[in-house]
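Working notes, structure below.
In this chain, residues are counted from 1 in sequence order. Predicted model only: the values in this text are computed from it and were never measured.
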Amino acid sequence: MNPPVVVIGVGNPFRRDDGAGPAVVDRLRRAGLPGVALAESDGEPGALITLWERRRLAVVVDTVHTHDAPAGHVHRRLLARRPGGPGGSTSSHAMDLGDAVALARELGRIPDRMLLLGIEAADTGYGIGLTPAVATAVERVVGHVVAAVRDLP
């Protein structure tokens with residue numbers, strides 16, 4: 001049986017700040033949260049849906065480009081299982097995370113609760129290493145994840 005919680009770090013660590021999601025997962029691996037599955041993904045919708053289906057809580061961490069917030073800003077959205085439209089985020093990947101959420105809803109494969117944490121990126125060009133603002137945000141997001149798991153009813 002799958003653990004009730006999954007944390008999915010979406011991104012590519014070879015595209016600078018796009019590696020923020022995997023960086024969060026790496027830090028959580030070292031923290032050793034019980035009852036929590038940790039996964040990394042390139043954001044492909046089918047893979048995301050498979051990772052989060054039948055979970056009480058899925059936390060998805062990804063970089064975003066909203067152009068409305070400074071680098072390192074953390075966008076937070078909590079979705080509960082209910083009918084409706086897509087979750088709506090602006091991912092740094094070709095396919096919007098909202099599309100995967102909408103597809104999962106249509107297929108009845110959405111988790112009970114989903115926490116979307118988007119870190120505003122500064123640089124998603126080729127290279128390794130996070131910019132300072134995004135590296136600082138990664139540490140804050142780890143705290144958000146730990147709190148969400150702790151507060152799960």
Side-chain angles (χ1 to χ4, degrees), residues 5-29 31 33 36-53 55-82 84-106 109-152:
V5 177
V6 64
V7 178
I8 306 166
V10 178
N12 180 346
F14 299 106
R15 297 292 304 258
R16 303 277 302 166
D17 288 344
D18 194 44
V24 168
V25 168
D26 182 58
R27 281 160 183 76
L28 290 169
R29 275 192 186 104
L33 290 174
V36 176
L38 300 171
E40 294 179 26
S41 173
D42 63 2
E44 192 278 320
L48 287 172
I49 291 168
T50 298
L51 287 168
W52 70 43
E53 71 178 324
R55 306 286 185 158
R56 288 182 56 210
L57 173 65
V59 180
V60 181
V61 181
D62 196 2
T63 52
V64 297
H65 293 288
T66 65
H67 308 290
D68 293 331
H73 178 82
V74 177
H75 303 271
R76 180 184 167 102
R77 295 213 193 288
L78 182 61
L79 306 174
R81 185 190 302 233
R82 64 186 184 279
S89 69
T90 308
S91 173
S92 64
H93 310 287
M95 183 163 199
D96 191 278
L97 182 58
D99 294 334
V101 171
L103 178 60
R105 279 192 176 135
E106 287 294 317
R109 294 172 64 187
I110 197 87
D112 293 341
R113 295 176 63 175
M114 181 180 292
L115 176 60
L116 306 175
L117 296 168
I119 301 173
E120 193 75 34
D123 179 2
T124 56
Y126 293 108
I128 58 172
L130 304 174
T131 59
V134 171
T136 299
V138 163
E139 298 307 322
R140 287 195 318 270
V141 167
V142 168
H144 287 304
V145 171
V146 170
V149 170
R150 181 189 62 227
D151 296 341
L152 185 65

Side chain to side chain contact (heavy atoms under 4.5 Å, CB included) involving [X] - partner list, sequence neighbours excluded:
X	result
A148	L57, L115
P22	P13, E40
Y126	R15

Taking all non-hydrogen atoms of both residues into account, name the closest pair between [X] and [Y] and its distance.
X	Y	answer
D123	G125	OD1-N, 2.8 Å
R55	V5	NH1-O, 3.9 Å
V6	W52	CG1-CA, 4.1 Å
E53	T50	CG-O, 3.8 Å

Can V7 and L33 be said to form a side chain to side chain contact (heavy atoms under 4.5 Å, CB included), step by step? CA-CA 10 Å; V7 178; L33 290 174; 5.7 Å; no

With sequence neighbours left out, write down each residue that passes salt bridge (Lys or Arg N to Asp or Glu O under 4.0 Å) with E44, or none if nothing qualifies. none

State whether a side-chain donor-acceptor pair under 3.5 Å links D18 with T63. yes

For H73, what residues pass the side-chain hydrogen bond (donor to acceptor under 3.5 Å, both in side chains) criterion, not counting sequence neighbours? none

Side chain to side chain contact (heavy atoms under 4.5 Å, CB included) between L117 and R76, intermediate numbers included: CA-CA 5 Å; L117 296 168; R76 180 184 167 102; 3.8 Å; yes

Are the side chains of [Y] and [X] in contact, using a 4.5 Å heavy-atom criterion?
X	Y	result
V25	V61	no
E120	V64	yes
V145	L28	yes

Sequence neighbours excluded and cut-off under 3.5 Å, please list the side-chain donor-acceptor pairs for residues 129-140, or say none.
| unit_1 | atom_1 | unit_2 | atom_2 | d |
| --- | --- | --- | --- | --- |
| T131 | OG1 | D17 | OD1 | 3.0 |
| T131 | OG1 | D17 | OD2 | 2.9 |
| T136 | OG1 | P132 | O | 3.1 |
| E139 | OE2 | R27 | NE | 2.5 |
| R140 | NH2 | G72 | O | 2.6 |

d(L116 CG, I8 CD1) to nearest 0.5 Å is 10.0 Å

